[in-house]
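Right, one structure below, let's go through it.
Just so you know, ligand 1 is whichever comes first in the structure, and atom 1 is the first atom listed for that ligand.
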Amino acid sequence: MDLGLKGRKAIVCASSRGLGKACALSLAREGVDIIINGRDAKVLAATRDDIIAATGARVTAIVADVGTPAGQDALLAACPEPDILVNNNGGPPSKNFRELDRDALLAGVVQNMVTPIELIQRVVPAMQAKGFGRIVNITSLSVKMPILGLDLSSGARAGLTAFMAGPARELARHNITVNHLLPGMFDTDRLRNTTGRMAQMQGKSETEMSAERMGSVPAKRFGEASEIGEICAFLCSVQAGYITGQSIVVDGGLFNAV
Ligand SMILES: NC(=O)c1ccc[n+]([C@@H]2O[C@H](COP(=O)([O-])OP(=O)(O)OC[C@H]3O[C@@H](n4cnc5c(N)ncnc54)[C@H](OP(=O)(O)O)[C@@H]3O)[C@@H](O)[C@H]2O)c1
């Protein structure tokens, strides 16, 4: 299917590795000009080279912390009027909720709620003027289902989801869609780190913990990052213009509900 995105421009935040990289790669394959981002310049440059080699797309790498005003300025200076914004960021580390002090709580909320909202505020005027915009927020299955130890991440992302429910409806008349992708367990660095911390918290080995987590997924495997990337590209497509305000769970059946 031709997604109708050739020549469009996308900012994909936090995209040097993992799910963000997969979103950038899938959009690049559709002929989208991509701004990729991460804090480690070396890793980011290697990712830019990978995406160009695989797709021939125009890829610009912006080394920046997306959670800071300066980082956001740098992304928007590289692409002032993106057609597509993929909001992604690191998540707070796994921690017992009792150990989160005020600074940690506020940092988590800035990371996973305030930052994406600020970027959305900055990109929608140009999208509105063009009559086209696609915004995809990578959140987490934990918005719908508790994951002990990731409570701050869950709360901040649920806040983002609820916050955007109204604006998504207001923006729909301008052909701007806002959707959320809720990954379950995807085989990335982040999953390996959280599994390690959970193993520590529960007094298990990492291998044991990983097998236990995988075994809890009805599909009996972790997701591949490309499976998020391809859905992200579809949500950005011309064809997906009537899907907005949705939280799309991608979890191999883990969320056990009708
Ligand atoms: N993997 C899963 O199973 C899963 C499940 C649910 C939710 N999620 C969420 O999805 C998001 C992506 O996860 P992932 O698994 O792809 O993680 P990952 O493999 O650890 O990759 C994270 C990416 O974000 C970049 N990044 C982190 N902090 C950044 C910052 N402040 N500014 C700019 N870039 C930043 C990293 O690059 P640098 O470190 O170089 O900056 C890297 O490119 C996370 O928020 C995670 O919590 C993941």
Side-chain angles (χ1 to χ4, degrees), residues 11-26 34-48 50-51 61-75 78 86-95 107-116 118-119 136-147 149-158 160-161 180-198 209-210 213-214 216-217 219 221-229 231-232 247-252 254-255:
I11 295 179
V12 186
C13 303
S15 47
S16 59
R17 289 181 283 119
L19 306 181
K21 178 179 177 180
C23 293
L25 192 56
S26 291
I34 311 281
I35 306 295
I36 57 166
N37 156 247
R39 293 161 303 174
D40 184 317
K42 230 168 139 183
V43 175
L44 190 67
T47 296
R48 183 195 52 211
D50 283 355
I51 298 176
I62 301 296
V63 179
D65 180 340
V66 70
T68 62
Q72 297 180 8
D73 288 349
L75 285 168
V86 180
N87 270 314
N88 185 38
N89 200 350
S94 236
K95 246 189 183 158
V109 171
V110 168
Q111 196 172 22
N112 294 136
M113 179 178 174
V114 175
T115 295
E118 285 175 336
L119 282 166
V136 177
N137 301 314
I138 299 182
T139 64
S140 173
L141 177 61
S142 70
V143 167
K144 287 188 181 272
M145 191 177 118
I147 302 178
L150 291 180
D151 315 288
L152 176 54
S153 156
S154 314
R157 295 173 203 272
L160 169 67
T161 308
H180 313 277
L181 274 176
L182 281 59
M185 289 185 235
F186 279 77
D187 192 11
T188 65
D189 294 345
R190 166 85 175 166
L191 185 81
R192 286 182 278 278
N193 292 339
T194 55
T195 300
R197 292 218 184 81
M198 281 177 184
M209 194 74 237
S210 180
R213 293 190 86 186
M214 196 185 283
S216 69
V217 182
R221 65 176 178 89
F222 293 139
E224 297 292 331
S226 62
E227 293 175 296
I228 285 286
I231 298 169
C232 175
S247 287
I248 295 159
V249 171
V250 190
D251 69 346
L254 182 58
F255 182 54

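Every residue two or more places apart in sequence or in another chain was checked for a side-chain hydrogen bond (donor to acceptor under 3.5 Å, both in side chains) with Asn193, and none qualifies. Contacts of Asp50 classified as salt bridge (charged side-chain N to carboxylate O under 4.0 Å, His left out), with partners at least two apart in sequence or in another chain: Lys21. Under the side chain to side chain contact (heavy atoms under 4.5 Å, CB included) criterion, Met145 pairs with Leu141, Leu254, Phe255, sequence neighbours left out.
Looking only at atom types and distance, the side chain of Arg157 has a donor-acceptor partner in the side chain of Ser153 under 3.5 Å away.
Atom CG of Asn37 is separated from atom SG of Cys13 by 6.0 Å, given to the nearest 0.5 angstrom.
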Using the rule given for side-chain hydrogen bond (donor to acceptor under 3.5 Å, both in side chains), can you reason through Thr47 versus Arg17, listing the C-alpha separation, both sets of side-chain angles and the distance that settles it, and then say yes or no?
CA-CA 8 Å; Thr47 296; Arg17 289 181 283 119; over 6 Å; no

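Listed by chain and number, Ala14, Ser16, Arg17, Gly18, Leu19, Asn37, Gly38, Arg39, Asp40, Ala64, Asp65, Val66, Asn88, Asn89, Gly90, Gly91, Ile138, Thr139, Ser140, Arg157, Pro183, Gly184, Met185, Phe186, Thr188, Asp189, Arg190, Leu191 each place a non-hydrogen atom less than 4.0 angstrom from ligand 1.
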